[in-house]
Amino acid sequence: MLNAKLAIQSHSDHQTIVRLSEQVAFGGAELVIIAGPCTVENRPQMEKVATALKAAPVQALRGGAYKPRTSPYSFQGLGLEGLEILSEVRSGHQIPVVTEVMSIAQIESVATHADMLQVGSRNMQNFDLLKALGQVDKPVLLKRGLAATIEEFVMAAEYILSHGNSQVVLCERGIRSFDDYTRNVLDLGAVAALKQLTHLPVIVDPSHAVGKRELVAPLAKAAVASGADGLIIECHPEPEKSLSDARQAISLENMVNLVRELRPVAVAVGRQIAESFPLSPLAVSSLM
Ligand code: PEP
Ligand code: MN
């Protein structure tokens with residue numbers, strides 16, 4: 001391993017806890033499940049998602065406002081309007097939101113509207129972006145590059161850490177291989193390795209890994225069994241009508257069922273998945 005000074009486990013068993021809100025943190029006994037559509041499409045869509053998923057419950061919502069699409073002719077996301085929808089849903093439903101930041105110019109507005117800034121696979125080695133995120137006081141969800149080695153992944157995290165931001169969560173989202181039957185190949189060996197090699201929380205994105213909705217649930221279960229600290233999953237009120245990544249979107253109903261099915265898997269590996277949504281900070285302070 002290259003000279004990763006900050007990301008690497010120095011004494012055994014140290015685990016960094018990354019806070020998403022007062023109530024939700026990555027790296028503890030409780031897993032963090034993030035779910036939502038690939039892209040924020042409109043306000044009613046996100047309202048439906050928030051209502052269904054808060055009951056599941058999941059701990060945070062996802063949805064892209066700035067989308068890194070392979071084709072410049074594909075829908076590129078709603079941009080600032082998407083961020084505003086996210087932040088309305090976030091305050092209306094009191095649930096944290098995670099969304100992608102694609103450039104340094106977007107950092108300020110994404111950090112204003114979201115609780116966690118996602119670096120997409122295509123930007124894992126955008127070193128200027130990583131350095132700039134090192135100066136932000138918000139947690140960063142760093143996704144593994146499409147064909148990045150574990151070492152390159154750890155060094156990308158090192159860029160953020162070494163520029164001052166210690167709140168980094170790693171996300172394994174599948175890597176390119178010779179077989180395109182599944183969109184990518186989920187590298188669970190990397191999850192186990194990263195958990196030993198680093199002290200950072202590691203979550204898994206089974207949706208982009210497999211690319212087919214009927215295969216998302218088994219991979220999500222395998223990810224939890226492999227020691228992941230959480231999941232990020234794409235779901236949609238009308239999966240086939242998703243404006244991006246429709247083939248891998250599961251329904252809200254299937255997402256709610258999946259959370260239930262994941263609980264015994266988590267318990268089998270000494271972890272938990274919350275049964276109810278964390279109390280709002282207001283409710284918590286009234287208990288003190
Ligand atoms: C996404 O989360 O919607 C996304 C674009 O993921 P990735 O960067 O892993 O391809
Ligand atoms: Mn997607």
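Whatever order the structure lists ligands and atoms in, that order sets their numbers, starting from 1.
- Lys54 forms a cation-pi arrangement with Phe277, by the criterion of a distance under 6.0 Å to the ring centre and an angle within 45° of the ring axis.
- Pro237 is listed as a side-chain neighbour of Val49, based on a closest heavy-atom distance under 4.5 Å.
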Quick check for students: name every N or O atom pair between ligand 1 and the protein closer than 3.5 Å, with distances.
unit_1   : atom_1 : unit_2 : atom_2 : d
ligand 1 : 2 (O)  : Arg62  : NH1    : 2.8
ligand 1 : 2 (O)  : Arg62  : NH2    : 3.4
ligand 1 : 2 (O)  : Gln118 : NE2    : 2.9
ligand 1 : 2 (O)  : Lys143 : NZ     : 3.0
ligand 1 : 3 (O)  : Arg62  : NH2    : 2.9
ligand 1 : 3 (O)  : Lys67  : NZ     : 2.9
ligand 1 : 3 (O)  : His208 : NE2    : 3.3
ligand 1 : 3 (O)  : Glu234 : OE2    : 3.3
ligand 1 : 6 (O)  : Lys143 : NZ     : 3.0
ligand 1 : 8 (O)  : Ser121 : N      : 2.8
ligand 1 : 9 (O)  : Ser121 : OG     : 3.0
ligand 1 : 9 (O)  : Lys143 : NZ     : 3.0
ligand 1 : 9 (O)  : Arg173 : NE     : 2.7
ligand 1 : 10 (O) : Arg122 : NH1    : 2.9
ligand 1 : 10 (O) : Arg173 : NH2    : 2.9

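- A donor-acceptor pair shorter than 3.5 Å can be found between the side chains of Gln248 and His208.
- Note on Asp245: its N/O/S atom closest to the Mn ion (ligand 2) is OD2.
- A donor atom on one side chain and an acceptor atom on the other are not found under 3.5 Å apart for Lys241 and Gln45.
- When the N, O or S atoms of Glu234 are ranked by distance to the Mn ion (ligand 2), OE2 comes first.
- For the residue pair Arg69 and Gln76, no side-chain donor N or O sits within less than 3.5 Å of a side-chain acceptor on the partner.
- Geometric assessment of Lys212 against the ring of Tyr181 yields a positive cation-pi assignment under the 6.0 Å and 45° thresholds.
- The residue from Glu172, Glu151, Glu152 that alone fulfils the salt bridge (charged side-chain N to carboxylate O under 4.0 Å, His left out) condition with Arg144 is Glu172.
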